Amino acid sequence: MTSGGATPAPTIFGGKSKIMAVIGDEDTVTGFLLGGIGELHAKTRKPNFLIVDKNTKASDIDDTFKSFLNRDDIGIILISQYIAEMIRGTVEGHDKNVPAVLEIPSKEHPYDPSKDSILRRARGMFSIEDFK
Amino acid sequence: MDSLCEQIDKLTVDYLEEFGHLLACKTLLDDTIKQGYFNISRARIIMGVNNLSRLQYSEKDPMIASTTISITSSPFNIEKTMDKEHSDDALKWFGLLSPLALKQSQKSFQQTIDLSLEACRRQENILQLKSQIEQLLKAKKIFLTKENFNENKKDE
């Protein structure tokens, strides 16, 4: 398989070759970048990551998340759950399966399944009526 | 009608199993990423607070992801592709001789990436199972309503 260059490498089963984006605190982004997912877009020079600190505004996070959703080269968005909480409306509003959105724990905020958008959508299926 | 109920039962069991797998996957992801954070902190102590931060991210080379994914919508699947040649590029931002803790952190995050892909697959699976079950439940409801209607007509 050829290494990353101008054209995307041929993929295993014909799916489109895409990258992963990450929105988190500095350690989260540093860690995932160490894992090799970081990229600056060849033309726009825009990064596929956003470091959120105490000065970052929710509107900026929202704008970045939406911009990741609109890019066609991003397949998954990893977002720390406490940050997803800040833009819960936008995260819940995304109902397509690509790009996939995954809420991850952060250093200071452990993962809480009751807040996860996807899990909330997956629950609440049955009512008493259905068991008759 | 019986086969409809059987189908609903089978899908419900699949759904609950998949939910269990997803929660287990996320717990493992939680543990693995914690290891990653722990090792980043350790490396930071060794290297100095200012030598392991966003300031070291390299902006001059074309930054290209060495870990990419292949994703299809239907059927939903995600696969990872790693460019081994460039996989240590990011590690090099922090110095050519990085402490073991930093390499261990890199490993933990690579494992976290794998777990994330698995979690995404299971999430999508669960949502699909849910929508299939809901459709069957709707069909069942319609069937029951028709049956009631017919029975009421018979009684008249």
Side-chain angles (χ1 to χ4, degrees), chain A residues 1-5 8-9 11-20 26-42 45 47-49 51 75-76 78 95-107 110-111 113 116 118-119 121-123 125-127 129-130 132, chain B residues 8 12 15 19 22-23 26-27 29-30 33-34 36-37 40-41 52-54 57 59 62-73 76-79 81-83 85-87 89-91 93 102 105-106 108-110 112-113 116-117 119-120 123-124 126-127 130 133-134 137 140-141 144:
Chain A
M1 207 172 281
T2 54
S3 59
T11 57
I12 299 169
F13 54 98
K16 275 203 76 184
S17 176
K18 299 200 185 196
I19 56 178
M20 301 169 66
E26 191 178 277
D27 275 4
T28 305
V29 173
T30 302
F32 281 106
L33 257 48
L34 281 173
I37 69 168
E39 184 163 295
L40 291 180
H41 194 274
R45 308 296 292 157
N48 64 338
F49 52 88
I51 297 182
I76 299 183
L78 301 169
D95 54 5
K96 301 203 197 81
N97 60 2
V98 179
V101 174
L102 187 69
E103 295 181 28
I104 54 179
S106 72
K107 240 178 11 180
Y111 174 71
D116 190 312
I118 306 281
L119 290 188
R121 261 206 285 158
R123 281 169 16 209
M125 192 164 58
F126 298 106
S127 68
E129 285 292 312
D130 301 322
K132 290 197 181 141
Chain B
I8 293 177
T12 307
Y15 167 86
F19 217 107
L22 177 65
L23 288 178
K26 287 212 140 179
T27 308
L29 196 151
D30 197 33
I33 208 175
K34 275 206 190 94
Y37 290 137
I40 282 188
S41 297
L52 182 48
S53 74
R54 71 210 292 186
Y57 295 177
E59 306 255 340
M63 197 199 286
I64 300 177
S66 58
T67 302
T68 54
I69 55 164
S70 220
I71 185 168
T72 50
S73 239
F76 187 83
N77 200 356
I78 313 182
E79 296 286 344
T81 313
M82 267 184 77
D83 179 356
E85 221 181 289
H86 293 283
S87 61
D89 282 358
L91 196 61
W93 296 341
L102 195 61
S105 174
Q106 181 189 41
S108 294
F109 275 96
Q110 283 167 344
T112 306
I113 289 171
S116 306
L117 299 185
C120 281
Q123 262 176 201
E124 184 56 28
I126 287 174
L127 292 172
K130 182 184 181 210
I133 294 175
E134 278 172 346
L137 286 174
K140 179 180 167 188
K141 220 178 188 163
L144 286 174

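So you know, we letter chains A, B, ... as the sequences are listed, proteins then strands, and number each from 1. Since we're looking at a predicted model, the values are computed, not measured.
- Between chain A and the residues B:Ile126, B:Thr112, B:Asp30, the most heavy-atom pairs under 4.5 angstrom are made by B:Asp30.
- Proximity to chain A (any heavy atom under 4.5 Å) is restricted, for B:Ser87, to the backbone atoms N, CA, C and O.
- Using a 4.5 Å cut-off between heavy atoms, B:Thr27 makes no contact with chain A at all.
- Note that CG of A:Asp95 is 10.0 Å distant from CG of B:Leu127, once rounded to the nearest 0.5 Å.
- Put simply, of B:Lys34, B:Met82, B:Gln123, B:Gln110, the one with the most heavy-atom pairs under 4.5 Å next to chain A is B:Gln123.
- Contact annotation for B:Asp89: neither backbone nor side-chain heavy atoms come within less than 4.5 Å of a heavy atom of chain A.
- The contact between B:Leu52 and chain A is made by backbone and side chain atoms together, counting heavy-atom distances below 4.5 Å.
- Chain A forms the most heavy-atom pairs under 4.5 Å with one residue out of B:Ala90, B:Ser73, B:Gly36, and that residue is B:Ser73.
- Note on ring orientation: taking the six-membered ring where Trp is involved, the planes of A:Phe49 and B:Tyr57 are perpendicular (angle over 60°, cut-offs 30° and 60°).
- The contact between B:Leu91 and chain A is made by backbone and side chain atoms together, counting heavy-atom distances below 4.5 Å.
- For the pair A:Ser17/B:Thr81, no side-chain contact is recorded, criterion being any heavy-atom separation below 4.5 Å from C-beta on.
- Among A:Pro47, A:Gly35, A:Gly31, the residue with the largest count of heavy-atom pairs under 4.5 Å with chain B is A:Gly31.
- Counting heavy atoms from C-beta outward, B:Lys26 and B:Leu22 have side chains that approach closer than 4.5 Å.
- Proximity to chain B is limited to the backbone of A:Val101, based on heavy atoms less than 4.5 angstrom apart.
- Taken from CG in A:Asn48 to NZ in A:Lys18, the straight-line distance is 13.5 Å, to the nearest 0.5 Å.
- Contact record, A:Ala100 with B:Phe76: CB-CZ, 4.4 Å, taken as the closest heavy-atom pair.
- The structure places CD1 of B:Ile69 at 10.0 Å from OG of B:Ser116, a figure rounded to the nearest 0.5 Å.
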